[in-house]
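A note on names: the letters A, B, ... follow the listed sequences, proteins ahead of strands, and every chain is numbered from 1.
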Amino acid sequence: MLKTLYIRDAFKCGEDSEVELIGWVRSKRRHGKLVFLDLRDSTGIIQIAVKQGIADSETFMKALDVGLESAVKVRGKIKRDARAPGGVELHCNHIEVFGPSLDGFPIRKGVGLKFLLDNRHLHLRSPKVAMIMKIRANLMDIARRWLRENGFIEVNCPTFITAAVEGGATLFKLDYFGRTAYLTQSVQFYQEAAIYSLEKVYSLQPSFRAELSRTRRHLTEFWHLEVEMAYADLYDIMKVIEELVYAIVSNLSKESEVELKALDKVVKPEMAEPPYPRIKYAEALQILQSKNVNINWGDDFGADEERILSKEFEKPFFVTHYPKEAKAFYHMPDPNDPSVCLNTDLLAPGGYGEIVGGGQRIHDYNLLLERIRENGLNVEDYRWYIDLRKYGSVPHSGFGLGIERMLWWLLQLPHIRSACLFPRTPTRVYP
RNA sequence: GCCGCCGUAGCUCAGUCUGGUAGAGCAGCGGGCUGUUAACCCGUUGGUCGGAGGUUCAAAUCCUCCCGGCGGCGCCA
């Protein structure tokens with residue numbers, strides 16, 4: 001192994017320890033016979049002091065000339081010094097530039113948003129981006145762990161599909177050896193098939209939406225955590241959502257403590273401690289109307305409505321029992337009031353809006369056929385999905401959670417694309 | 001799809017209202033500096049003003065169309 005010591009560990013080395021570090025030159029400050037380099041790796045940044053007299057003249061010249069973001073190996077002694085960032089620096093006596101920068105590194109102080117996005121492949125090197133990605137990795141790991149510990153089996157579903165979950169308008173169409181296929185926008189239907197074998201399933205994979213959405217909370221490709229559970233009704237699945245979201249928030253606050261602190265973000269278990277407030281659509285409508293919002297029964301809540309509602313709550317909250325016209329055909333109508341369905345959205349407080357959408361599915365064969373026809377959809381397109389209701393159909397519920405939406409809320413990011421390594425939006429599919 | 005804003009040097013922007021030979025800071029390059037914190041000081045290179053038409057003696061500037069981007073809405077996770 002070329003590399004033997006990480007920068008984070010170099011800070012723990014004793015005074016005058018002779019160490020070798022490998023990393024990238026993040027910045028350089030020249031003072032005649034003294035040069036400072038900031039050396040970066042995945043674990044941190046350390047200041048390298050190259051002084052003529054301590055370093056030989058060849059090493060000193062290399063330090064003078066090295067380009068930003070060059071990959072270098074440096075050797076020297078660890079020194080405590082109050083003037084160094086973090087109180088520790090390396091007094092360098094040898095440098096090897098084994099991966100030089102062939103040009104001036106384009107990412108500099110003051111560059112604009114468009115430039116950063118156009119150069120995302122280089123922007124990733126910023127410690128801030130790296131910290132968000134570490135938090136993201138923890139979030140996904142925590143979610144998987146919780147689901148596994150609670151008896152859910154991870155399944156992997158196809159990305160190529162032929163029929164839409166939500167309707168055709170938002171699908172990416174592609175050529176599949178002469179046939180028309182689409183990219184999945186949700187694996188829900190496949191998971192509904194899987195519960196007849198595995199009962200409790202989940203998957204974590206990308207979903208695609210061909211929506212020309214120009215907002216800070218939309219991506220065309222996002223990571224979708226979807227869960228489906230046999231024998232669960234609406235209230236059972238709400239409990240799963242609540243506990244899963246709490247597990248994510250409370251564990252993340254501990255397991256990503258270092259990164260959260262460095263980013264100056266506050267994530268605390270109390271932010272998501274169950275139980276979450278539960279209101280029905282009709283009650284939400286009353287709240288809005290009492291605040292003079294012009295909205296009528298049957299209208300879905302827009303961004304403004306979600307923002308106003310979310311100011312009423314300090315924690316995530318459920319909105320349930322939407323009018324069936326506002327929701328997709330597969331939602332189970334409420335037996336007590338068939339004009340609404342047994343669905344739920346989980347909205348984050350503070351204007352961040354919808355994080356989770358889900359509910360109970362129709363398991364009755366004839367009712368499903370009826371709802372498909374009522375929605376003007378072609379029964380043939382949904383043949384296999386309908387087929388599931390012909391053989392031992394059981395009540396079941398599920399939901400989908402947007403990974404980037406969750407990060408967007410928890411880290412209070414200005415835009416959801418900051419939650420992705422290479423975000424995909426309507427205007428951006430490169431790099 | 002609808003509404004608004006923007007496009008001038010490698011980057012960040014001024015100049016557009018009120019038409020008259022294209023500017024600054026940073027980066028780069030050359031030089032200086034032994035304690036900086038994405039340092040500082042001196043000098044210096046660098047532009048088909050997003051594209052195409054039009055008006056005018058004259059267009060970065062005024063008009064029309066197109067292209068690209070950003071933000072908001074709708075849609076959703």
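- Across all strands shown, A:A49 has no heavy atoms under 4.0 Å from either base or sugar-phosphate atoms.
- Within the nucleic acid shown, A:L401 has no heavy atom closer than 4.0 Å to any nucleic acid atom.
- No contact: A:V35 has no heavy atom under 4.0 Å from any strand.
- Of the listed nucleotides (B:G74, B:A38, B:G69), B:G69 has the atom at the smallest distance from the side chain of A:K114.
- Residue A:R125 is classed as having no contact, given no heavy-atom separation below 4.0 Å to the nucleic acid.
- Counting to the nearest Å, the P atom of B:A77 and the CD1 atom of A:I416 are 12 Å from each other.
- Once rounded to the nearest 0.5 Å, the distance linking CD1 of A:I416 with CZ of A:R405 reads 5.5 Å.
- Base pairing of B:A24 is made with B:U12, judged by Watson-Crick or G-U wobble geometry with both donor-acceptor distances under 3.5 Å.
- Because its NZ or CZ atom is both nearer than 6.0 Å to the ring centre of A:Y322 and within 45° of the ring axis, A:K327 counts as a cation-pi partner of that residue.
- Of the charged side-chain nitrogens involved, at least one lies within less than 4.0 Å of a carboxylate oxygen, so that A:D9 and A:K12 count as a salt-bridged pair.
- On the P atoms, B:G23 is 25 Å away from B:C29, given to the nearest whole Å.
- Atom-to-atom, CD1 of A:I48 to P of B:U37 comes out at 17 Å; the value is rounded to the nearest Å.
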Problem - Trace of the ring pair (Phe, Tyr, Trp, His ring centres under 6.0 Å) decision for A:W408 with A:F222 - result: CA-CA 12 Å; A:W408 178 60; A:F222 67 96; over 10 Å; no

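- Remark: aromatic rings of A:F115 and A:H123 are distant, center separation not under 6.0 Å.
- Phosphate proximity of B:G72 to A:R307: absent, as no side-chain N or O sits under 4.0 Å from OP1 or OP2.
- Of the listed nucleotides (B:A38, B:C70, B:C11), B:A38 has the atom at the smallest distance from the side chain of A:R29.
- Using the six-membered ring where Trp is involved, A:Y385 and A:F329 have ring planes that are perpendicular, over 60° apart on the 30 and 60° scheme.
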Pick out the pairs of N or O atoms, protein on one side and nucleotides 40-42 of chain B on the other, that lie under 3.5 Å.
none

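- Looking only at side-chain heavy atoms (C-beta outward), A:V266 and A:L260 stay at 4.5 Å or farther from each other.
- Using a 4.0 Å heavy-atom criterion, one finds that A:E354 contacts the sugar-phosphate atoms exclusively.
- Distances shown here put a side-chain N or O of A:R428 below 4.0 Å from the OP1 or OP2 atom of B:C70.
- Regarding contacts with the backbone of B:G35, every side-chain N or O of A:R83 stays at 4.0 angstrom or more from both OP1 and OP2.
- The existence of a salt bridge linking A:K324 and A:D334 is excluded, since no basic side-chain nitrogen approaches an acidic carboxylate oxygen closer than 4.0 Å.
- When the P atom is compared between B:G7 and B:A60, the two are found 15 Å apart, to the nearest whole Å.
- Among the heavy atoms of the strands lying under 4.0 Å from A:E89 is at least one base atom, whether or not backbone atoms are also near.
- Taking a pair to require two hydrogen-bonding distances under 3.5 Å in either a Watson-Crick or a G-U wobble arrangement, B:A77 remains unpaired.
- If you check every strand for non-hydrogen atoms under 4.0 Å, A:E404 touches nothing.
- Between B:C42 and B:C26, the two P atoms lie 9 Å apart (nearest whole Å).
- Taking the charged nitrogens against the carboxylate oxygens, A:E259 and A:K128 have no contact shorter than 4.0 Å, which rules out a salt bridge.
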Write out a two-atom table: protein N or O, nucleotide N or O from nucleotides 23-29 of chain B, distance below 3.5 Å.
from	atom 1	to	atom 2	distance (Å)
B:A27	O2'	A:R108	NE	3.3
B:A27	O2'	A:R108	NH1	2.6
B:A27	O2'	A:R108	NH2	3.3

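- When the P atom is compared between B:U64 and B:C17, the two are found 15 Å apart, to the nearest whole Å.
- When both distances must be under 3.5 Å, the Watson-Crick or G-U wobble mate of B:U36 does not exist.
- Straight-line distance between the C1' atoms of B:U34 and B:G46: roughly 33 Å, to the nearest whole Å.
- Here A:T427 reaches the OP1 or OP2 of B:C70: one of its side-chain N or O atoms lies under 4.0 Å away.
- Interface remark: the A:H218 side chain does not form any donor-acceptor pair with the B:A77 base, using a distance-only criterion of under 3.5 Å.
- When distances are taken from the side chain of A:L212 to each of B:G1, B:U36, B:C75, the shortest belongs to B:G1.
- Across all strands, A:F36 comes closer than 4.0 Å to base atoms (heavy-atom distances).
- Under 4.0 Å is where a charged nitrogen must lie from a carboxylate oxygen, and between A:K3 and A:D41 at least one such pair does.
- By the 6.0 Å contact criterion, OH on A:Y276 is enclosed, its count of non-hydrogen atoms from other residues, nucleotides or ligands being greater than 12.
- Residue A:R26 places no side-chain atom within donor-acceptor reach of the base of B:A38, judged by atom type and a 3.5 Å distance cut-off alone.
- With hydrogens and angles ignored, a donor-acceptor pair closer than 3.5 Å exists between the side chain of A:R405 and the base of B:C76.
- Regarding A:F301, its CZ atom lies at a distance of 17 Å from the P atom of B:C73, rounded to whole Å.
- A donor N or O paired with an acceptor N or O is not found under 3.5 Å between the base of B:G32 and the side-chain atoms of A:K33.
- Using the Watson-Crick or G-U wobble rule with both distances under 3.5 Å, B:C5 pairs with B:G69.
- Here B:G30 sits opposite B:C42 as a Watson-Crick or G-U wobble pair (both hydrogen-bonding atom distances under 3.5 Å).
- A:D345 comes within 4.0 angstrom of no nucleic acid atom, judged by non-hydrogen atoms across all strands.
- A salt bridge is absent between A:R75 and A:E18; no separation between the charged side-chain nitrogens and carboxylate oxygens falls under 4.0 Å.
- Here A:L113 lies in heavy-atom contact (under 4.0 Å) with sugar-phosphate atoms only.
- Side-chain to base pairing of A:S213 with B:C75: one donor and one acceptor N or O lie within less than 3.5 Å of each other.
- Pair assignment for B:C49: none, as no Watson-Crick or G-U wobble contacts are both less than 3.5 Å.
- Between the CD atom of A:E226 and the C1' atom of B:C76 there is a distance of 13 Å, given to the nearest Å.
- A gap of 22 Å separates the P atoms of B:U8 and B:G4, to the nearest Å.
- Of the side-chain N and O atoms in A:R417, one or more sit less than 4.0 angstrom from OP1 or OP2 of B:G71.
- Taking every side-chain heavy atom of A:R216 into account, B:G71 is the closest of B:G71, B:G1, B:C73.
- Comparing B:G30 with B:G47, their C1' atoms sit 22 Å apart, to the nearest whole Å.
- Applying the 6.0 Å contact sphere to NZ of A:K280 captures no more than 12 heavy atoms from other residues, nucleotides or ligands.
- Remark: B:C62 base-pairs with B:G54. Criterion, Watson-Crick or G-U wobble with two distances under 3.5 Å.
- A donor-acceptor contact under 3.5 Å is formed by the side chain of A:Q47 with the base of B:U36.
- Judged by the 6.0 Å and 45° rule, A:K200 forms a cation-pi pair with A:F152.
- At whole-Å resolution of the value, CZ in A:R40 and P in B:U37 are 21 Å apart.
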